[in-house]
Visitor: 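Structure incoming, see below.
The model shown is predicted, which means the values in this text are computed figures rather than measured ones.
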Amino acid sequence: MDASAFDAAAAALAERVIAQFGAARIVAGYVPVGAEVDPRPILAAAAAQGRATALPYVESREAPLRFLLWADGDPLIEGPFGLFQPLASATPAEPDLILAPLVGFDRALGRLGQGAAHYDRAFAALPEARRIGLAWSAQEADAPLPAEPWDVPLHAVATEREWITA
């Protein structure tokens, strides 16, 4: 895929999510690692609409993920696993819309993450928040993904090709 086609695909994915903001007051995203979908254009759109934005903060594999308020231009530090995150002193947030990076997903809205269950624990702690996975269509599994008892399903998955709900 050339750069202009990639940019168009990323823009289409972002537009799908932006159309689903609803009444969300705080939209949480993440700083992408590797080939993860970049949610920063979505966060910029949320901020332009007057919504607060937040990023995850991870202390360790065992510690629960926390969301901290963050705005474009705020400093980021490198945390565990090569993640870039707000300063620990940033204001805690309880987002009502959480954008999650996906390693893989299925049509039943099951997800594969990095394996530490950080997002599953965050989803369980914020049960009212809408959970939207961001992925490229090539990351869709051909068969249902195995589920663990602690897995929390998504409400939707946005790809460059479609908006997927159960």
Side-chain angles (χ1 to χ4, degrees), residues 1-56 58 65 67 70-72 76 81-85 93 95-124 126-166:
M1 177 181 301
D2 68 22
S4 63
F6 178 81
D7 290 346
L13 187 152
E15 288 302 317
R16 283 185 180 79
V17 177
I18 293 164
Q20 299 294 324
F21 279 165
R25 295 170 293 107
I26 302 174
V27 177
Y30 55 90
V31 176
V33 174
E36 290 177 340
V37 171
D38 186 349
R40 290 176 292 189
I42 299 167
L43 295 176
Q49 293 177 10
R51 302 169 201 274
T53 57
L55 294 176
V58 176
L65 176 152
F67 291 101
W70 175 84
D72 188 30
L76 294 171
F81 320 112
L83 302 173
F84 283 91
Q85 54 193 22
D96 39 21
L97 192 153
I98 301 171
L99 306 174
L102 302 179
V103 171
F105 69 94
D106 63 24
R107 288 278 155 168
L109 303 177
R111 60 178 283 279
L112 282 178
Q114 296 291 339
H118 281 114
Y119 274 93
D120 289 306
R121 289 182 279 164
F123 293 162
L126 297 165
E128 300 301 316
R130 286 191 66 211
R131 303 176 298 273
I132 299 173
L134 304 182
W136 303 111
S137 57
Q139 293 172 267
E140 183 176 354
D142 293 332
L145 295 171
E148 299 293 342
W150 58 82
D151 288 343
V152 178
L154 298 164
H155 291 110
V157 172
T159 76
E160 78 282 10
R161 292 187 179 166
E162 62 186 316
W163 178 259
I164 303 165
T165 59

Visitor: Would you check if the side chain of Arg111 reaches a backbone N or O of Gly104 as a donor-acceptor pair within less than 3.5 Å?
Guide: no
Visitor: Check Pro153, Pro146, Pro144 against Asp106 for a side-chain contact (heavy atoms from CB on, under 4.5 Å) and give me the one that passes.
Guide: Pro144
Visitor: Using the rule given for side chain to side chain contact (heavy atoms under 4.5 Å, CB included), can you reason through His118 versus Phe81, listing the C-alpha separation, both sets of side-chain angles and the distance that settles it, and then say yes or no?
Guide: CA-CA 12 Å; His118 281 114; Phe81 320 112; 3.9 Å; yes
Visitor: What heavy-atom pair brings Pro95 and Leu126 nearest, and what distance separates the two atoms?
Guide: CD-CD1, 3.9 Å
Visitor: Measure across Ala24 and Arg51 and return the closest heavy-atom pair with its distance rounded to 0.1 Å.
Guide: O-NH1, 2.5 Å
Visitor: For the CG atom on Asp2, are there more than 12 heavy atoms of other groups (residues, nucleotides or ligands in this structure) within a distance under 6.0 Å?
Guide: yes
Visitor: To the nearest 0.5 Å, what is the distance between CG (Leu99) and CD (Gln20)?
Guide: 11.5 Å
Visitor: Kindly indicate whether the side chain of Phe21, heavy atoms from C-beta on, has any atom under 4.5 Å from the side chain of Ile42.
Guide: yes
Visitor: Do you know which two heavy atoms are closest between Gly110 and Leu145, and how far apart they sit?
Guide: O-CD1, 3.8 Å
Visitor: Going by atom types only, do Ser137 and Glu162 share a side-chain donor-acceptor pair under 3.5 Å?
Guide: no
Visitor: Hey, could you give me the OG1/CD1 distance between Thr159 and Ile164, rounded to the nearest 0.5 Å?
Guide: 5.0 Å
Visitor: Over all heavy atoms of both residues, which pair between His155 and Leu109 is shortest? Give the atoms and the distance, please.
Guide: O-CD1, 3.3 Å
Visitor: Provide the closest heavy-atom pair for Gln85 versus Pro56 in the form atom of the first, atom of the second, distance.
Guide: CB-O, 3.3 Å
Visitor: Evaluate the side-chain proximity of Leu134 to Pro101: yes if any heavy-atom separation is below 4.5 Å, no if none is.
Guide: no
Visitor: Walk me through it: do Leu76 and Trp70 pass the test side chain to side chain contact (heavy atoms under 4.5 Å, CB included)?
Guide: CA-CA 9 Å; Leu76 294 171; Trp70 175 84; 3.4 Å; yes
Visitor: If you round to the nearest 0.5 Å, how far is CG of Leu13 from CD1 of Ile18?
Guide: 9.5 Å
Visitor: Just verifying a value: how many Å separate Leu55 CG and Phe67 CZ, rounded to the nearest 0.5 Å?
Guide: 9.0 Å
Visitor: Can you list every pair that meets salt bridge (charged side-chain N to carboxylate O under 4.0 Å, His left out) and has a residue in residues 13-29, with sequence neighbours left out?
Guide: Arg25-Asp96
Visitor: Give, for atom CD1 of Ile98 and atom OH of Tyr30, the distance between the pair rounded to the nearest 0.5 Å.
Guide: 13.0 Å
Visitor: Can you find a pair of side-chain heavy atoms, one from Ile132 and one from Leu154, that are under 4.5 Å apart?
Guide: no
Visitor: Are Trp136 and Phe105 close enough that their ring centres sit under 6.0 Å apart?
Guide: no
Visitor: Do the side chains of Trp150 and Arg121 get nearer than 4.5 Å, heavy atoms only?
Guide: no
Visitor: Side chain to side chain contact (heavy atoms under 4.5 Å, CB included), that's the test. Do Val31 and Leu83 meet it? Break it down for me.
Guide: CA-CA 7 Å; Val31 176; Leu83 302 173; over 6 Å; no
Visitor: Quick one: CG on Leu97 to CD on Glu128, what's the gap to the nearest 0.5 Å?
Guide: 13.5 Å
Visitor: If you look at every heavy atom in Tyr119 and Gly29, which pair is closest and at what distance?
Guide: OH-O, 4.3 Å
